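One structure is given below, encoded as structure tokens.
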Amino acid sequence: MYIVFVVAGQVVATLLGRQYYDKGGKSKWLAALVQVAAFPILIPFYFFSPAPLKNPTKTSNNIINTKTPPVTRIAAVYLSLGLLVAVDCYLYSVGLQYLPVSTYSLICASQLAFNALFSYFLNSQKFTPFIVNSLVLLTLSSTLLVWTGNSSSSGSKVSRGKYIIGFLCTVGASALFGLVLSLTQLSFQKVIKKQTFTAVMDMIIYQLTVATAAILVGFFASGEWKELKGEMKGYELGGVSYVMNLVWTAVSWQIFAIGAVGLIFEVSSLFSNAISAMGLPVVPVLAVIFFHDKMDVIKVIALILAIWGFVSFIYQHYLDDAQESENQKEVELKQ
């Protein structure tokens, strides 16, 4: 169920975000805001937390519970990560505005490679042959897309300069997303020192609260709010569709967040990111159907490389899980 939430939420939100721009939307800050602003939807899940772990001293990620750290340290973690999320959302919104959605989603797949790279330096993640293979394939997949142009036939042609800006912003956003995940895991290990369901929910809710506040500051400071009335009137599908697009984009991102939280708690943050990245190749196929994006040879090759990279990464995760299960069985037999 969590996997369905992650994949469906991300795919729907991405397509709706592209539709916003295609039909007359122009506000990058508003597009960034809808990625985080619906976080209050997550609050009721505090009351439906999973059953506690059988071993109360350790979590599934081997983070030992100790006394609560100083509030100032936790606040600093939430503040810094929230600001990074705000920047990340803005970069993603710029990329989605200037790139065909098929190109955008394929570049976003590189977030998995960035996450693995940052995890190596920050979280002691080991580089196995399958992980290295995944890194190389996902990097090649994104690099190939530099040589494609704006192949969208939906009427949203942009200049080569804006295409490059969109490409760089999307790569930067993917890198920043991978960094945020690694820093979040590091925060659990070094600062919070526990990974209960409540702790995970606190991390996400407070991150999104800070991110929402930061994006709102940018939204009003940029003056884009003054243009919303005219933007709504000029929206090709009408004012009601304009509002519904923004509402359902926000809801879809929170459905994605619900699934991501569940996977983080049930498995790991790395696996949650892998599943979210796995859904990205679905978007180019749907983009051809709904937005008439052209899938040229380079995009097809990039898609194949991305899928190969996902499979390699998921297989390594399967091997790790199998080894961990075997180790646990050996420990239980010795006891």
Side-chain angles (χ1 to χ4, degrees), residues 6 9-10 13 29 32-43 45-46 59 61 63 68-94 108 110-125 169-219 250 253-254 256-265 267-274 276-277:
V6 167
Q10 181 169 246
W29 285 105
L33 183 63
V34 295
Q35 296 178 46
V36 294
F39 71 88
I41 293 175
L42 301 177
I43 293 176
F45 284 84
Y46 273 111
T59 69
N61 291 292
I63 300 175
T68 304
V71 175
T72 52
R73 292 185 64 187
I74 297 180
V77 168
Y78 294 154
L79 180 62
S80 57
L81 291 177
L83 292 175
L84 289 177
V85 169
V87 174
D88 197 39
C89 290
Y90 182 77
L91 290 175
Y92 273 130
S93 69
V94 174
C108 286
S110 64
Q111 69 189 39
L112 193 60
F114 284 116
N115 189 198
L117 182 63
F118 287 123
S119 292
Y120 174 79
F121 291 105
L122 299 176
N123 311 123
S124 302
Q125 172 74 32
C169 285
T170 306
V171 171
S174 300
L176 192 55
F177 183 78
L179 177 61
V180 167
L181 285 179
S182 296
L183 289 175
T184 299
Q185 184 175 341
L186 184 66
S187 298
F188 277 118
Q189 293 170 339
K190 302 297 185 182
V191 180
I192 300 174
K193 298 183 179 179
K194 61 181 178 180
Q195 195 162 329
T196 62
F197 182 80
T198 300
V200 172
M201 286 298 296
D202 284 344
M203 174 66 77
I204 292 187
I205 293 293
Y206 290 125
Q207 267 190 28
L208 296 183
T209 300
V210 173
T212 300
I215 292 172
L216 280 173
V217 171
F219 179 61
W253 277 122
Q254 295 315 307
F256 165 80
I258 291 169
V261 171
L263 289 178
I264 288 172
F265 185 76
V267 189
S268 70
S269 61
L270 200 58
F271 182 75
S272 178
N273 188 29
S276 68

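Bear in mind that the values here come from a model prediction, so they are computed numbers and not experimental data.
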Heavy-atom side-chain proximity of [X] to [Y] below 4.5 angstrom:
X: Ile74; Y: Asp202; result: no
X: Gln189; Y: Leu186; result: yes
X: Pro40; Y: Gln254; result: no
X: Gln185; Y: Leu122; result: no
X: Val94; Y: Thr170; result: no

Counterpart residues, side-chain contact (heavy atoms from CB on, under 4.5 Å), relative to Leu117 (two or more places apart):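 side-chain contact (heavy atoms from CB on, under 4.5 Å) check on Leu117 returns Phe121, Phe127.
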Inter-residue atom distance [X].[atom1] - [Y].[atom2], 0.5 Å rounding:
X: Ser174; Y: Asn115; atom1: OG; atom2: CG; answer: 11.0 Å
X: Ile204; Y: Tyr78; atom1: CD1; atom2: OH; answer: 10.5 Å
X: Ser187; Y: Arg73; atom1: OG; atom2: CZ; answer: 10.0 Å
X: Met201; Y: Leu42; atom1: CE; atom2: CG; answer: 5.0 Å
X: Phe114; Y: Leu181; atom1: CZ; atom2: CG; answer: 13.0 Å

Contacts under 3.5 angstrom, residues 205-218 side chains, donor-acceptor by atom type, not counting sequence neighbours:
residue, atom, partner, partner atom, Å
Gln207, NE2, Thr184, OG1, 3.4
Thr209, OG1, Ile205, O, 2.8
Thr212, OG1, Leu208, O, 2.7

Flag, side chain of [X] to backbone of [Y], donor-acceptor distance under 3.5 Å:
X: Gln111; Y: Phe177; value: no
X: Ser124; Y: Tyr120; value: no
X: Ser182; Y: Leu179; value: no

Who are the ring pair (Phe, Tyr, Trp, His ring centres under 6.0 Å) partners of Tyr92, not counting sequence neighbours?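 Ring pair (Phe, Tyr, Trp, His ring centres under 6.0 Å) list for Tyr92, sorted by chain: empty.
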When the ring planes of Trp253 and Phe256 are compared, do they come out parallel, tilted or perpendicular, using 30° and 60° as the limits?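 It falls in the perpendicular class, over 60°.
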